[in-house]
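What follows is one structure encoded as structure tokens, with my remarks underneath.
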Amino acid sequence: MAMEELADSPVGQLVPIMAHDIPQARASEHVAFLPEPLPEDVELSQATWRVIVPAMQALARLDRSYLPSSP
């Protein structure tokens with residue numbers, strides 16, 4: 001993703017940061033993308049839930065398959 005796209009992002013901003021390059025023994029300036037905080041509550045459509053629920057069920061089955069067997 002190009003820096004210009006991040007600079008114009010409606011969901012965050014670029015902020016200057018300093019990094020220390022140990023092998024070169026020098027400081028360098030960079031930028032980091034700082035996203036806006038996520039909302040507390042998110043409303044999902046019925047169509048989204050129809051996709052999410054089967055995915056959550058599949059992940060639960062996968063998670064159970066890695067549990068150790070009881071003696």
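For the numbers below, each heavy atom of this structure counts, side chains included, while hydrogens, waters and symmetry mates do not.
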Handout entry: Atom pair CZ/CD of Phe33 and Glu5 - distance to nearest 0.5 Å
Key = 11.0 Å

Handout entry: Heavy atoms from other residues, nucleotides or ligands near CD1 of Ile22 exceed 12 (cutoff 6.0 Å)
Key =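 Not more than 12 within 6.0 Å, no.
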
Fill in the blank from the handout: So side-chain hydrogen bond (donor to acceptor under 3.5 Å, both in side chains) across residues 12-26, not counting sequence neighbours, yields none

Exercise for the section: Keeping to residues at least two apart or across chains, list the side-chain hydrogen bond (donor to acceptor under 3.5 Å, both in side chains) pairs with something in residues 29-40. Expected result: Ser28-His30

Practice task
Supply the members, apart from Leu38, of the Ile/Leu/Val/Met/Phe/Trp/Tyr cluster built from side-chain contacts under 4.5 Å; use none for a lone residue.
Solution key: none

Fill in the blank from the handout: Students should find that the hydrophobic cluster of Leu59, defined by side-chain heavy atoms under 4.5 Å apart, otherwise consists of none

With sequence neighbours excluded, tell me which residues meet side chain to side chain contact (heavy atoms under 4.5 Å, CB included) with [X].
{"X": "Ala27", "answer": "Met18"}
{"X": "Ile52", "answer": "Leu44, Thr48, Trp49, Met56"}
{"X": "Ala7", "answer": "Leu14"}

